[in-house]
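Treat the numbers as computed from the prediction; the structure is a model and nothing was measured. Lettering of chains follows the sequences in order, A, B, ..., and the numbering in each one begins at 1.
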Amino acid sequence: MNSESVPAAAPSDFIRDIVAADLANGRHTKIHTRFPPEPNGYLHIGHAKSICLNFGIAREFGGICNLRMDDTNPTKEDVEYVDSITADVRWLIQGWADHCLGLKPKGKTPETVTSAGKPDFHLAPVSGIRQPASDLEPFYASDYFDQLYEYALQLTRNGLAYVCDLSPEETERYRGSPDRPGQDSPFRTRSIAENVDLFERMKAGEFPDGTRVLRAKIDMASPNIWMRDPVLYRIRHSEHHHTGDQWCLYPMYDFAHCLSDYIEGITHSICTLEFEVHRPLYDWILENLDLPRALPRQFEFARLSLGYTIMSKRKLMRLVNERLVSGWDDPRMPTISGLRRRGVTPQALRDFAYNIGITKYNALTDVAVLEKAIRDDLNARAWRRLAVLRPIKLVITNYPEGQVEQLEAGNNPEDPAAGTRQVPFTREVFIERDDFMETPPPKYFRLRPGGEVRLKYAYIVKCDEVVKDAAGNISELRCTADLGSKTGGPTAGRKVKGTIHWVSAAHAIDAEVRLYDRLFTVPEPDARGDFKAHLNPHSLEVVTAKCEPAVGEARPELRYQFERLGYFALDPDAATDGASGKPRLIFNRTITLKDTWAKAAQKS
RNA sequence: UGCCGGAUGGUGUAACGGUAGCACAGCAGACUCUGGAUCUGUUUGUCUAGGUUCAAAUCCUAGUCCGGCAGCCA
């Protein structure tokens, strides 16, 4: 199967059903979604689910999906995250939904237009003429601060918002509790003129942080906490990564999000379940402003929970800050950059997202589903190579010293078009320590004293002698080869139970190989207690592997399977040559091959 | 004791009043110069109780259980 092929059936879920119906009944003629991360951390595989949903819908229904930084809280956000998010999104949708990515010209802010005879703000993505990527940037909620302020003023002038001087603690107390109504703020009855004046002075920077907020005037007795006069604006005298020191007044998520959607012409605003209770507020804000164009609607789906991993940005940041991993892109991290570095392809992530579906049920997805998607993808594309992780020397006593045979081996049995390479064979080879046992358990069919095994692409060998050092460790295996059993030879058809991989000792090249395992030892690391107590102490092991010469030509964009071991990808560290000036080979193990023997052996 | 959601095999996910299907996992077998891949077979399910109907996972009623909501976070 071609690795770039799309799943046979088009995805279907309750959100796509709604989109299709909106198109069919003429509610919309064009679909516009958005992916709106807050730039306060790196994107993880949960975001990948959302990206695949939002861009997938745009792609399937001929629409656009805007990438938007939801950056209304200057104290938590940073350009480092803006850059990583942009790169991760591009990487994930590359070759799949690039044509649906909504960006805007650098520096562009909403235009003041007239829609249906009314004043309006609008900012459309670039389309049509292909603009150089360097001239484009994501959308930013912070680019709408002027318009948002204008809308807030409008609400205030209409008596639907007021300036409140209650302290944060008092505000909390007045809010009541879920089962008890709140109380009106004493400032709720301020005159419109005073509210407008105060709000303008808040913007002008006359008041310190925390002294006043702008609140919507809705209903302090509402059973929905988010309708109890929610805060719309708060004062923050801090520098913003995108707007600098222009503002000391910042909108809250609820106020900014629905209006950002509106300004961009979003039709379907898809978010996770925890925002479900915010939806009445989302609608209230839009409906209480005189907006001339079609209003966006919000839909919610369940965020991804994956076994053996944590998804909280806060906790991932702790792993990074406390140096429990090497960084956001540590190959053990569930971040998109970590998965990328590990060798996972965008295709595998998209297949995974497709397989898990979209619902409103808070499910815990089995990591096996992810692993399956990664293996399927890599099996189809990876080039096979021979490498020995934990070498033990094997000498073929009846093979001439100094003789070298070049054996032809296919690059990928799943794809003959991938061609072949030559593998040198000599008298002394390395084999995997695990592939020999002096006293093997039942059903072990690799090498044993007196036993036979095939060296892949080469000869069948028989183990005659086990040589040990003074300490009793095996130092060498002495074998004889059936010299007629070479692939294509007269006795090649002989059946031997096992086939193992090997590397010619004289030709072996060294590579650093980083063997990654899952970061946590339990299915739900943050279910209870300290998630760090469940860190897997063996999540990384580094070995120096003996590799066939062709491994020296490895390229970062390709994926490799070290036969019988797993899938590997070149680490970016490999590019930074050491002081010697010689290129270093560093591989990350993306994932092991499925190992049914290990499972069987464990059981007995 | 408030509001908003949700509940289908071990785990996810379909079925939109008409044969409970698919994927992953598991198990058994075939094949294999990767104990991989591939192929075949297979165990296991509609939260409970009533009701409507020729017929209910689906509609109605009453429960049960689970998740979310009281940041000047998103």
- salt bridge (charged side-chain N to carboxylate O under 4.0 Å, His left out) involving A:Asp254 - partner list, sequence neighbours excluded: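 Salt bridge (charged side-chain N to carboxylate O under 4.0 Å, His left out) list for A:Asp254, sorted by chain: empty.
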- Taking only residues at least two apart or on different chains, which pairs with a member in residues 303-312 of chain A satisfy side chain to side chain donor-acceptor pair (under 3.5 Å)? A:Glu274-A:Arg303
Ring centre gap for [X] and [Y] strictly below 6.0 Å:
{"X": "A:Phe562", "Y": "A:His501", "result": "no"}
{"X": "A:Tyr250", "Y": "A:Phe145", "result": "yes"}
{"X": "A:Phe425", "Y": "A:Tyr457", "result": "no"}
{"X": "A:Phe275", "Y": "A:Tyr253", "result": "yes"}
{"X": "A:Tyr560", "Y": "A:Trp383", "result": "no"}

Atom [atom1] of [X] and atom [atom2] of [N]: how far apart are they, to the nearest Å?
{"X": "A:Glu563", "N": "B:U32", "atom1": "CD", "atom2": "C1'", "result": "13 Å"}
{"X": "A:Glu524", "N": "B:G10", "atom1": "CD", "atom2": "P", "result": "17 Å"}
{"X": "A:Tyr162", "N": "B:C72", "atom1": "OH", "atom2": "P", "result": "12 Å"}

Inter-nucleotide [atom1] distance ([N], [M]), Å rounded:
{"N": "B:G21", "M": "B:U42", "atom1": "C1'", "answer": "16 Å"}
{"N": "B:A23", "M": "B:G45", "atom1": "C1'", "answer": "15 Å"}
{"N": "B:C54", "M": "B:G17", "atom1": "C1'", "answer": "12 Å"}
{"N": "B:A14", "M": "B:U46", "atom1": "C1'", "answer": "12 Å"}
{"N": "B:A70", "M": "B:A7", "atom1": "P", "answer": "23 Å"}
{"N": "B:U64", "M": "B:G10", "atom1": "C1'", "answer": "23 Å"}
{"N": "B:G71", "M": "B:U1", "atom1": "C1'", "answer": "25 Å"}

Under 4.0 Å, counting only non-hydrogen atoms across every strand here, what does [X] touch: a base, just sugar-phosphate, or nothing?
{"X": "A:Pro413", "answer": "base"}
{"X": "A:Thr75", "answer": "nothing"}
{"X": "A:Leu166", "answer": "base"}
{"X": "A:Lys443", "answer": "base"}
{"X": "A:Tyr457", "answer": "base"}
{"X": "A:Lys313", "answer": "nothing"}
{"X": "A:Tyr361", "answer": "sugar-phosphate"}
{"X": "A:Arg384", "answer": "base"}
{"X": "A:Phe14", "answer": "nothing"}
{"X": "A:Ile358", "answer": "sugar-phosphate"}
{"X": "A:Ser222", "answer": "nothing"}
{"X": "A:Leu364", "answer": "sugar-phosphate"}
{"X": "A:Gly357", "answer": "nothing"}

Could you go through nucleotides 19-21 of chain B and list every protein N or O atom that sits under 3.5 Å from one of its N or O atoms, giving the distance for each pair?
none

Among [options], the nucleotide that comes nearest once only the side chain of [X] is considered:
{"X": "A:Thr596", "options": "B:A74, B:G35, B:A14", "value": "B:G35"}
{"X": "A:Glu38", "options": "B:G6, B:U34, B:A74", "value": "B:A74"}
{"X": "A:Asp13", "options": "B:A14, B:G5, B:G36", "value": "B:A14"}
{"X": "A:Asp17", "options": "B:A7, B:C16, B:A37", "value": "B:C16"}

- Message: Go through it in stages, so that I can follow the logic: the residues are A:Asp261 and A:Tyr282, the test is side chain to side chain donor-acceptor pair (under 3.5 Å), and I'd like the CA-CA distance, side-chain angles, deciding distance and then a yes or no.
- Response: CA-CA 10 Å; A:Asp261 284 341; A:Tyr282 182 101; 2.7 Å; yes
- Message: I need the single residue from A:Lys456, A:Arg564, A:Arg454, A:Arg390 that forms a salt bridge (Lys or Arg N to Asp or Glu O under 4.0 Å) with A:Asp435. Which is it?
- Response: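 Checked A:Lys456, A:Arg564, A:Arg454, A:Arg390 against A:Asp435; only one passes salt bridge (Lys or Arg N to Asp or Glu O under 4.0 Å): A:Arg564.
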- Task: Using a 4.5 Å cut-off on heavy atoms from C-beta on, say whether the side chain of A:Ser142 contacts that of A:His240.
- Result: yes
Donor-acceptor pairs under 3.5 Å, side chain of residues 356-370 of chain A to any protein atom, not counting sequence neighbours: which ones?
unit_1, atom_1, unit_2, atom_2, d
A:Thr359, OG1, A:Tyr361, N, 3.2
A:Lys360, NZ, A:Glu276, OE2, 2.4
A:Asp366, OD1, A:Ala368, N, 3.0

- Any chance you could list the contact pattern along nucleotides 64-71 of chain B? Use B for base contacts, S for sugar-phosphate-only contacts and - for none, protein heavy atoms under 4.0 Å, 5' to 3'. ---SBSBS
- Summarise protein proximity over nucleotides 22-30 of chain B in one line of letters, 5' to 3': B for base, S for sugar-phosphate only, - for none, counting protein heavy atoms closer than 4.0 Å. --SSSS---
- Query: Of all heavy-atom pairs between A:Ile310 and A:Pro334, which one has the smallest distance, and what is that distance?
  - Reply: O-CG, 3.4 Å
Quick one: list whatever passes side chain to side chain donor-acceptor pair (under 3.5 Å) with [X], sequence neighbours left out.
{"X": "A:Asp88", "value": "A:Arg340"}
{"X": "A:Arg297", "value": "A:Asp22"}
{"X": "A:Ser238", "value": "none"}

- Query: Under the 6.0 Å and 45° cation-pi test, does A:Lys203 pair with A:Tyr149?
  - Reply: yes
- Query: A:Tyr162 ring centre to A:Arg190 NZ or CZ under 6.0 Å, with the angle to the axis within 45°?
  - Reply: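 Verdict for A:Tyr162: no cation-pi partner in A:Arg190.
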- Is A:Trp597 stacked on the base of B:G35, meaning ring centres closer than 5.5 Å and planes within 30 degrees of each other? yes
- Item | Pairs touching residues 210-233 of chain A that satisfy ring-ring contact (aromatic ring centres under 6.0 Å, His included), sequence neighbours left out | A:Phe199-A:Tyr233, A:Trp226-A:His278, A:Tyr233-A:Phe255
- Message: In dot-bracket form, 5' to 3', how is RNA chain B paired? Count Watson-Crick and G-U wobble pairs only if both distances fall under 3.5 Å, and write | where the partner sits on another strand.
- Response: .((((((..((((....[..)))).(((((.......)))))....(((((..]....))))))))))).....
- Query: Any idea if B:G71 is syn or anti, going by the 90°-from-0 cut?
  - Reply: syn
- Item | A:Ile18 CD1 to A:Leu23 CG distance, which is reported to the nearest 0.5 Å |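 It is 13.0 Å, given to the nearest 0.5 Å.
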- Task: Assign each of A:Ile356 and A:Lys456 to its nearest nucleotide of RNA chain B by heavy atoms, then name whichever residue's nucleotide is nearer the 5' end.
- Result: A:Ile356
- On RNA chain B, nearest-nucleotide positions of A:Asp179 versus A:Asp254: which is more 5'?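 Its nucleotide being nearer the 5' end, the pick is A:Asp179.
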- Message: It should be established whether A:Arg314 places a side-chain nitrogen or oxygen under 4.0 Å from OP1 or OP2 of nucleotide B:A74.
- Response: no
Review item, nucleotides 40-43 of chain B N/O atoms under 3.5 Å of protein N/O:
none

